[in-house]
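Following: one structure in structure tokens, then a few remarks.
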Amino acid sequence: MAKNNYSFKTILTNCDGRNRDKIFCFAKSHDSYYDYKYTTNMSSDKIALDYSELTLKYKNTLFFTRPFDDTWKSEIIKRANKANENIYKKEY
């Protein structure tokens with residue numbers, strides 16, 4: 001049986017990582033909160049700041065909210081979305 005050459009990054013993004021336009025990014029997800037728990041001890045503001053940084057590097061960045069959390073309404077998220085829109089609007 002042939003050994004596959006897939007990396008974790010390749011499986012998650014369906015690309016080799018060299019083309020940022022094809023990479024899908026997120027700051028957290030329900031899996032990172034409930035199943036893997038690596039964001040449960042992170043503050044909502046920290047996750048929002050991480051999201052803000054990702055939007056500057058990757059145009060396909062999404063922000064998933066925590067259950068019963070309204071961080072998506074925060075000024076950090078609004079500014080990140082506006083900056084992302086301004087950076088990539090010339091492509092459309």
Side-chain angles (χ1 to χ4, degrees):
M1 192 167 184
K3 180 182 176 192
N4 71 44
N5 292 320
Y6 295 115
S7 69
F8 188 64
K9 184 176 183 178
T10 303
I11 292 168
L12 288 178
T13 62
N14 195 26
C15 71
D16 62 12
R18 290 179 286 189
N19 187 342
R20 289 182 181 212
D21 290 345
K22 293 182 179 179
I23 294 177
F24 166 78
C25 292
F26 56 91
K28 69 156 291 309
S29 72
H30 66 279
D31 291 335
S32 68
Y33 186 75
Y34 284 120
D35 297 331
Y36 304 114
K37 301 192 184 319
Y38 63 84
T39 60
T40 54
N41 292 326
M42 293 175 72
S43 71
S44 294
D45 285 343
K46 169 66 173 133
I47 292 170
L49 290 171
D50 287 349
Y51 168 78
S52 180
E53 290 177 23
L54 284 171
T55 61
L56 297 175
K57 297 177 184 175
Y58 304 98
K59 72 178 183 179
N60 300 318
T61 304
L62 297 176
F63 182 78
F64 297 109
T65 61
R66 290 177 170 171
F68 311 108
D69 186 312
D70 63 356
T71 303
W72 63 274
K73 298 180 197 178
S74 77
E75 288 303 313
I76 296 169
I77 299 300
K78 289 177 186 177
R79 284 193 305 267
N81 288 337
K82 186 66 172 169
N84 186 285
E85 177 185 327
N86 289 334
I87 290 169
Y88 299 108
K89 105 165 78 167
K90 63 183 174 214
E91 295 179 12
Y92 300 105

- Taken in chain and number order and not counting sequence neighbours, the residues that satisfy side-chain contact (heavy atoms from CB on, under 4.5 Å) with Ser32 are Lys28, Ser29, Tyr38, Thr39

- Message: With a sphere of 6.0 Å drawn around CG of Asn41, does it hold more than 12 non-hydrogen atoms of other residues, nucleotides or ligands?
- Response: no

- ring pair (Phe, Tyr, Trp, His ring centres under 6.0 Å) partners of Phe64, counting only residues at least two apart: none

- Task: Tell me yes or no: between the side chains of Asp69 and Thr71, is some donor less than 3.5 Å from an acceptor?
- Result: yes

Nearest 0.5 Å please: distance from the [atom1] atom of [X] over to the [atom2] atom of [Y].
| X | Y | atom1 | atom2 | result |
| --- | --- | --- | --- | --- |
| Leu54 | Asn60 | CG | CG | 11.5 Å |
| Asp50 | Thr55 | CG | OG1 | 11.0 Å |
| Thr61 | Asn81 | OG1 | CG | 10.0 Å |
| Leu49 | Ser43 | CG | OG | 7.5 Å |

- Query: Is a side-chain N or O of Lys37 found less than 3.5 angstrom from the main chain of Tyr34, in a donor-acceptor match?
  - Reply: yes

- Query: Which residues, ordered by chain and number, are linked to Met42 in its hydrophobic cluster, where ILVMFWY side chains connect at heavy-atom gaps below 4.5 Å, directly or through other members?
  - Reply: Ile47, Tyr51, Phe63, Trp72, Ile77

- May I have the step-by-step check of side chain to side chain contact (heavy atoms under 4.5 Å, CB included) for Ser52 and Arg79, ending in yes or no? CA-CA 8 Å; Ser52 180; Arg79 284 193 305 267; over 6 Å; no

